[in-house]
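Whatever order the structure lists ligands and atoms in, that order sets their numbers, starting from 1. Index from 1, following the sequence.
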Amino acid sequence: MTLIDGKKTALEIREELKKEIDSLKIAGRKLPGLVTILVGDDPASGMYVRSKNKACAEIGIFSKIEKLDENTSQADLLKLIESYNKNENIHGILVQLPLPKHIDEDRIIQNINPLKDVDGFHPISVGNMVIGNKTLYPCTPYGIIELLRRYKIDTKGKHAVVVGRSNIVGKPIANMMLQKKDGANSIVTVCHSAAGDLSVYTKTADILIAAIGRANFIKGDMVKNGVVVIDVGINRVEDPSVSKGYKVVGDVDFDEVSKKASYITPVPGGVGPMTIAMLLKNNFEAYKRIEKID
Ligand code: GUN
């Protein structure tokens, strides 16, 4: 069994990007810029935004956090987005989700310039992804494809089973696995909470992508021998043996499933670190496209 080390792979990607940005600095060129917009005081969102900001700074991407009050109106948020759509030093705009209830998330996403849509959530980005055009891809699924590529896992003609149908992971990864491209070209099944007995589907998976949001949900008897397992879950479970009182586990029961898997991502240290690395990659891609650099 090979453990897929997302932390190490994410570091490699960050190093590669840093080298490219260092050479832009040496050439005296404009550097890439990202703005992250955070509305309200949700502690988890605040933590994610700060990690994204720090990761940018480490590789030389200029980054700015716009922290807005919980009661900010939709009109004011739209005005701010419009100002960054026009800002020539900003190549990526990320509005941290979820937004407060009085703001229409779809409306906000649709007002981000698709060229700066580093989350890959704009309907134009999603449409291009489905067609197979080059675009900005949602960061977590993009990170999964990158892990499959870098570990040279054979995906062509294999049966990829995705459990979960969210707009952030399930739907986009199913579409990306379908594309006739490296790290994909698979036969894809998507299953979800309406499936009844999910194991009917998961047992047939050569590649199992679990994005369910339930701790340790996939058990050893739900997979076949030799399966490649990508665990997207991040779930807190109580653990009185550690001082913070909880630990983070995936959607896959690692102890059971790792005994049957050929490859598996751990939680933490699997898909999670890849998400930020791919955000940086998207921001660099957006920069190159906007600044017309090959
Ligand atoms: N909230 C949780 N995940 C994400 C993400 O990938 N992007 C944004 N913008 N918000 C999130």
Side-chain donor/acceptor of Asp231 to backbone N/O of Asp251, under 3.5 Å: yes
Where Asp104 and Gln74 come nearest, the two heavy atoms and their spacing: N-OE1, 2.8 Å
Atom 3 (N) of ligand 1 [closest protein heavy-atom partner, distance rounded to 0.1 Å]: Ile168 CD1, 4.4 Å
Any donor-acceptor N/O pair, Lys116 side chain to Tyr84 backbone, under 3.5 Å: yes
Common cluster, Ile93/Ile61, ILVMFWY with side-chain heavy-atom separation under 4.5 Å: yes
Salt-bridge present (Lys19, Glu15; N to O < 4.0 Å): no
Nitrogen or oxygen atoms of Pro98 and ligand 1 under 3.5 Å apart: no
Lys156 vs Asp182, salt bridge (charged side-chain N to carboxylate O under 4.0 Å, His left out): CA-CA, chis, key distance, verdict: CA-CA 8 Å; Lys156 183 180 170 189; Asp182 192 28; over 6 Å; no
Region of Phe121 that comes within reach of ligand 1 [heavy atoms, distance under 4.0 Å]: side chain
Sub-4.0 Å atoms of ligand 1 with respect to non-hydrogen atoms of Val95: 8 (C), 9 (N)
Nearest-neighbour protein heavy atom for atom 1 (N) of ligand 1, which is reported as residue plus atom name and distance: Leu97 O, 2.9 Å
For atom 4 (C) of ligand 1, closest protein heavy-atom neighbour: Gln96 NE2, 4.3 Å
Atom indices of ligand 1, in the order listed, that fall short of 4.0 Å to a heavy atom of Leu94: 9 (N)
Check: Asp119 N/O within less than 3.5 Å of ligand 1 N/O: yes
